[in-house]
Amino acid sequence: MSHLPDIDALKEEISSFPVDSKENLEAFRLKYLSRKGRITELLAGIGKAAPEDRARLGKELNILKNLAVLRFDEASASLETSTGKKRAAHDDPTLTPPPLLNGSSHPLSQTMEEIKTIFYRLGFTIADGPELEDDFHNFTALNFPPEHPARDMQDTFFIRKEEDHPEKDLVLRTHTSPVQIRLMKNGKPPFRAIMPGRVYRNESITAKSYCLFHQVEGLYVDKKVSLADLKHTLITFARHLFGKQLKYRIRPSFFPFTEPSLEMDIWWETGNKPGQWMEILGAGMVHPNVLKAVDIDPEEWSGFAFGMGVERITMSRYEIDDIRLLYDNDIRFLTQFP
Ligand code: PHE
């Protein structure tokens, strides 16, 4: 650029350009803000200015651009209110105003509240813990072997990673199970609590998986707690949430922190889609190594634990087929859950 643009003159031009009609506003946009507009052109040309002028020029052009954008936004907002229906409602004070939109709680919160209520009635208290966890609580105390794939970069968001000292790692918790450890370390058995909260996994974002989601963990530790107690609790819970007619199945599974481990599926049929089994939770009897890690004698105490995915459950109950809808906060979606 051989000479510098006259910013003041441009400012004057932008402030006085008429924007009182749709046509004028469009002419304004084309002239200054469009891809071939004056400001866009000048911004693109900054690189050609003398090096000592570039910083100042960039700053001034940005101010200019903000000015133009502001003028455009204000003019288009006021053109909108001065035409069409809105105007009629404003002008005639005897007309009934349009109804106010009532807020409602998020579908995830609704499911969470129902889950909490059911367990509250079963005698469970509610506990919570931090979302930023250390290696001990998220993995080691839960009997994850040092090379376990779940510790891998693939799944875990590491906040601090020390190659030679994994015990110093800080992570965004990958499940709510670390809260079990905190609960047991800070108290004396028996325990009967649920632990709802956010968890994070470094997975690619798709209709089925998101980088964060919610779980409700459960822990019951007492004398002579058995697998039958676990089954009874899970079935009672599922019948309350999904209805008495519920069809479920319980399959063997694996988790490092429970032995034996199981998963519960429910049969899900909606609308015209064919029915299918859907996994809603993992569970099992607390592994003796976990009890030992928090100084509880596994000869004297036993327990069960479970963890369920709140998104999964919410999506099936409300027939939501894309998990991302739960995080977009699009009002057209949210108003469907009064
Ligand atoms: N933490 C497990 C998960 O995130 C779920 C689980 C919790 C399984 C408690 C067993 C017992 O998948």
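Just follow the structure's listing: the first ligand is 1, and inside any ligand the first atom is 1. By convention here, the first residue in the shown sequence is residue 1. Please read all numbers here as calculations on a predicted model, not as lab measurements.
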Working for salt bridge (charged side-chain N to carboxylate O under 4.0 Å, His left out), residues R151 and D135: CA-CA 9 Å; R151 295 180 182 231; D135 174 87; 3.0 Å; yes

Within the structure, does H175 bring an N/O atom to less than 3.5 angstrom of an N/O atom in ligand 1? yes

Residue pair W268 / W277, side-chain heavy-atom distance below 4.5 Å: no

At a 4.0 Å threshold, what atoms of ligand 1 neighbour a non-hydrogen atom of F306? 7 (C), 9 (C), 11 (C)

What are the atoms of ligand 1, with element, lying closer than 4.0 Å to any heavy atom of G307? 6 (C), 7 (C), 9 (C)

Subset of ligand 1 atoms that lie under 4.0 Å from at least one heavy atom of A283: 8 (C), 10 (C), 11 (C)

Would Q215 count as a contact of ligand 1 if the rule is a heavy atom under 4.0 Å away? yes

Within the 4.0 Å heavy-atom shell around S177, which atoms of ligand 1 are there? 1 (N), 7 (C)

Looking only at the aromatic ring of each residue, does the gap between the centers of Y220 and F191 stay below 6.0 angstrom? no

Is there a polar contact, in the sense of an N or O pair closer than 3.5 Å, between E217 and ligand 1? no

Does any donor atom in the side chain of E203 or Y210 lie under 3.5 Å from an acceptor atom in the other side chain? no

H287 and ligand 1 - part of the residue with a heavy-atom distance under 4.0 Å: neither

Is R201 close to ligand 1, meaning an N/O of one under 3.5 Å from an N/O of the other? yes

Hydrophobic cluster identity match, Y120 and L219, side-chain contacts under 4.5 Å: no

Does a salt bridge link E41 with K36, judged by any charged N lying under 4.0 Å from a carboxylate O? no

Between T174 and V199, does the side-chain contact (heavy atoms from CB on, under 4.5 Å) criterion hold? Intermediate values first, please. CA-CA 5 Å; T174 55; V199 304; over 6 Å; no

Quick test of your reading of the structure: of F254, F257, F255, whose heavy atom lies closest to atom 11 (C) of ligand 1? F257

